[in-house]
A.B. asks: 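Before I ask anything, let me first share the structure, which is written out below as structure tokens.
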Amino acid sequence: MRVEDFRGEAARVIARHAELESDAVERMLTVPPKPDMGDFAFPCFTLAKKLRKAPPAIAKEIAEKAAGDLELLRGAQALGGYVNLSVDRTRYAEAVLREAVSAGEAYGCSRDGAGHTIAIDYSSPNIAKPFHVGHLRSTIIGGALVRIFEALGYKVVGINHVGDWGTQFGRQIVGLKRFGRPEDADDLMSLNRLYVKFHEEADGAPELVEEAREWFRRQEAGDEVALALWRRIRDTSLDYFKRIYERLGVRFDSYTGESFFNDKMDAVIEEAHAKGLATVSEGALIIDLSAEGIDTPALLEKADGTTLYLTRDVAAARYRHDTYGCDRIVYVVASGQSLHFRQLFTVLKLLGHPWAKDCVHVNFGLVQGMSTRKGNVIYLEELLDEARERALAYMRGEIEKRLVLEDEETVAEAVGIAAIFFADLSKQRIKDYRFDWDLAISFDGDTGPYLMSAHARIAGILRNCGLDPDPDADVAPLVEPEAHRLVSLVARYPDVLREAGRLYEPSVLANYLLELARGLHASYAVLRVKGEDAGKAQARLLLFTAVKQVLHSGLTILGIQSLERM
RNA sequence: GCGCCCGUAGUGAAAAGGACAUCACGAGGGUCUCCGGAACCCUAAGUCCAGGUUCGAUUCCUGGCGGGCGCACCA
């Protein structure tokens, strides 16, 4: 008896009595809006036309026939134009919990993506400058997608297409040469100071800007002095970025940034010529995309012969496809870049790459209001520090029955990051949103800390109930509606991950976890463990173990720590 | 100006074209000697407007209105 057998039986029984194909019925099955209405619902509206009967009458007929034909299901009832079917709750709990607990950490994971590789390009900051909060959203969403697809069995290549080439490095070099000491190149804070200094000075001194351009020209021309300086600045910056990624719990398989593709662009240009796509317009080399429904042409080369963002992305896409053999390339980049990616994918198609159709722009809206007390636009580190402070203040000030912890600072750091991550991941990525500290950090409401607390609360039960959990416990005592609700939620988890992956939408998972946590809290007063007889206590422990496992798994995928105590 | 995207209670979010539009925060009222009160229960409040397709529209189409973003030598 497996979890999907219940749905399978529902489909079979309905199919038999409605004279339809089982597969078709299975696709039509939905879930009733309220748990007491049943576990599966079959809408009879489409049958109405064919049978020339009213949907409620059809439902009644099917329900009556089906009622005597059930094995794993308990009831078939007509309601409105629906046939509602209920599972045998004990057998369902048995199937769900046994499967969840025996799979352990792997519960919810599937092999759907076995044999497929996905490259996910995310975060991709400009590293001459400090990590700006503007890049945070891509980092958060991209990181979650990496873990979602891994859970679905895909091989995932996380790529950070770092902006490590461009005029900004020329500016950085001038700042260093004019206002700093050579050793400042090894310290990011000094570099930042000098970068700012450059901009202050350059305001009234255009020759500085020209000097910066000259340094970048030397870089592009392969001048060893310029390249050595660039390399040193780049390494200092990358080290700093990697430290921040560690703090955020984000890992990349590749840091092939823009500079990596410098020697791979000529091939793109040549091929565009060979395919007869490239034309010269206003001195620049372009591909006209108007026949493809895009008014703005794709620029391959500026009038001065240097290449552009788009050319580099074409080279990068080809490199990724060839190197990783990936059958999908996902770009987690803000919606503002939509035109760019339409152009990119169209150019790839015109260049004759059939896999262009497997490139996806996973876009997302703008975040407003992400600033610290100091105000202004801010850098990520300051934001994370403030998150930790606010989390600590909240824990000390608002929580009545909090545990005494030695590692309060560590917990606060995790809570702060959870608050920021979840505020982002709980919303549909396409939408703009306003970040609000109080809303994000509260332990009440739809927040990361709320989910963490649900997890810690179960951990508390397991810790304090005075029992050794029995993984083979009999589930028969789980008769309460609250228990059934939790079982159903646990059962849904694998499909939730699939849906999140299908839509590239971590919020599907985030909202599911909220539902699970609420279900847990709603059951908490009813499903006591301590002081109950051994049978009930063990059954409930089994249920809570499964819920805790799913919370842990889901939170980990979202990039949020699930602590035992907080 | 043109193009793309977004409009759901005061606020933040959910609803493959399906049942009475769901949930949270905030507001108002209540519960419980609570294994972690970081809880639970109740109440008030909503689909931007006008048409259309459909047995059925928050969802799809058309046109408005409001907001965001983008529109060749930056990335």
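Only this structure's heavy atoms are used, side chains among them; waters, hydrogens and symmetry mates stay out. For clarity, every value in this text was computed on a predicted model and none was experimentally measured. Chain identifiers are assigned alphabetically (A, B, ...) following the order of the sequence lines, protein sequences preceding nucleic acid strands; residue numbering begins at 1 within each chain.
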A.B. asks: Please determine, for the side chain of A:L366, which listed nucleotide (B:G70, B:G68, B:A72) has the closest atom?
C.D. replies: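 In terms of side-chain proximity for A:L366, the closest of B:G70, B:G68, B:A72 is B:G68.
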A.B. asks: Could you list by number each residue of residues 526-545 of chain A showing a heavy-atom separation from RNA chain B of less than 4.0 Å, or answer none if no residue does?
C.D. replies: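 The stretch gives A:L527, A:R528, A:V529, A:K530 as the residues lying under 4.0 Å from the strand, ordered by number.
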A.B. asks: Side chain of A:K427 only, heavy atoms from C-beta on: which candidate in B:G12, B:C74, B:C6 is closest?
C.D. replies: B:G12
A.B. asks: Quick one: stems involving RNA chain B, counted as three or more successive Watson-Crick or G-U pairs, both distances short of 3.5 Å.
C.D. replies: B:1-7 with B:65-71, B:10-13 with B:22-25, B:27-31 with B:39-43, B:48-52 with B:60-64
A.B. asks: For A:K536, is the NZ atom crowded, meaning more than 12 foreign heavy atoms sit under 6.0 Å from it?
C.D. replies: no
A.B. asks: Counting only side-chain nitrogens and oxygens, does A:K431 get under 4.0 Å of the OP1 or OP2 atom of B:G12?
C.D. replies: no
A.B. asks: Do the two ring centres, one from A:F216 and one from A:F169, sit under 6.0 Å apart?
C.D. replies: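 For A:F216 and A:F169, the ring centres are not under 6.0 Å apart.
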A.B. asks: Would you say the ring centroid of A:Y331 lies under 6.0 angstrom from that of A:H340?
C.D. replies: no
A.B. asks: Pick the P atom in B:A21 and in B:A16, then give their distance to the nearest Å.
C.D. replies: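 Pairwise P distance, B:A21 against B:A16, rounds to 15 Å.
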A.B. asks: Let's see if you can work this out: which of B:C34, B:A72, B:A13 has an atom nearest to the side-chain heavy atoms of A:Y524?
C.D. replies: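 Selected nucleotide (nearest to the side chain): B:C34.
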A.B. asks: Ring centroid separation for A:F241 and A:F252, is it under 6.0 angstrom?
C.D. replies: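 No - the distance between ring centres of A:F241 and A:F252 does not fall below the 6.0 Å cut-off.
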A.B. asks: Report all interatomic pairs (protein N or O, nucleotide N or O of nucleotides 23-26 of chain B) with separations under 3.5 Å.
C.D. replies:
unit_1 : atom_1 : unit_2 : atom_2 : d
B:C23  : O2'    : A:R518 : NE     : 2.9
B:C23  : O2'    : A:R518 : NH1    : 2.8
B:C23  : O2'    : A:R518 : NH2    : 2.7
B:A24  : O4'    : A:D446 : OD1    : 3.4
B:A24  : O2'    : A:D446 : N      : 3.2
B:A24  : O2'    : A:D446 : OD1    : 3.4

A.B. asks: Start at the 5' end of RNA chain B and walk down; is the nucleotide closest to A:E301 or to A:D432 reached first?
C.D. replies: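 Nearest nucleotide further toward 5': that of A:D432.
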A.B. asks: Can you identify which nucleotide, out of B:A13, B:A72, B:A75, has its nearest atom closest to the A:N511 side chain?
C.D. replies: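 The answer is B:A13.
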A.B. asks: Take atom CD in A:Q77; do more than 12 heavy atoms of anything else shown fall under 6.0 Å from it?
C.D. replies: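 Atom CD in A:Q77 is not packed in, count stays at 12 or less.
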A.B. asks: Measure from CG on A:L425 to P on B:A14 and round the result to the nearest Å.
C.D. replies: 12 Å
A.B. asks: Taking only side-chain N and O atoms of A:Q368, does any of them lie within less than 4.0 angstrom of OP1 or OP2 on B:G12?
C.D. replies: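 Indeed not, no polar side-chain atom of A:Q368 lies that close.
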A.B. asks: Quick one about A:S442 and A:D444 (side-chain donor to acceptor, distance below 3.5 Å, no hydrogens or angles considered), yes or no?
C.D. replies: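 No pair is found: no donor N or O on one side chain lies under 3.5 Å from an acceptor on the other.
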A.B. asks: Look for any protein N or O under 3.5 Å of an N or O in nucleotides 55-62 of chain B and output each such pair with its distance, or none.
C.D. replies:
unit_1 : atom_1 : unit_2 : atom_2 : d
B:C55  : OP1    : A:K49  : NZ     : 3.3

A.B. asks: Using ring centroids (six-membered ring only for Trp), state whether A:W230 and A:W215 fall under 6.0 Å.
C.D. replies: no
A.B. asks: If I take atom CZ in residue A:R137 and atom C1' in nucleotide B:C69, what distance separates them, rounded to the nearest angstrom?
C.D. replies: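 Checked: the CZ to C1' distance equals 14 Å.
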A.B. asks: Residues in salt bridge (Lys or Arg N to Asp or Glu O under 4.0 Å) with A:D39, at least two apart?
C.D. replies: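 Salt bridge (Lys or Arg N to Asp or Glu O under 4.0 Å) list for A:D39, sorted by chain: empty.
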A.B. asks: Give the nucleotide from the list B:A14, B:A39, B:A75 with an atom nearest to the side chain of A:H521.
C.D. replies: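 Per side-chain heavy atoms of A:H521, the pick is B:A39.
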A.B. asks: Rounded to whole angstroms, how far apart are CD1 on A:I461 and P on B:A39?
C.D. replies: 14 Å
A.B. asks: Would you measure the distance from the P atom in B:G3 across to the matching atom in B:C55 and give it in whole Å?
C.D. replies: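 Taking atom P in both B:G3 and B:C55, they lie 33 Å apart.
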A.B. asks: Here's a test of your reading of the structure: between A:D295 and A:G460, which maps to the more 5' nucleotide of RNA chain B?
C.D. replies: A:D295
A.B. asks: Determine whether the aromatic ring centres of residues A:Y319 and A:F260 are separated by less than 6.0 angstrom.
C.D. replies: yes
A.B. asks: Considering residues at least two apart in sequence or located in another chain, which fulfil the side-chain contact (heavy atoms from CB on, under 4.5 Å) criterion with A:L392?
C.D. replies: A:R396, A:E408, A:E409, A:A412
A.B. asks: Please report, rounded to the nearest Å, how far the P atom of B:U11 is from the OH atom of A:Y433.
C.D. replies: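 From A:Y433 OH to B:U11 P: 19 Å.
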A.B. asks: Give the rounded distance in Å between these two atoms: CG of A:L451 and C1' of B:A13.
C.D. replies: 14 Å
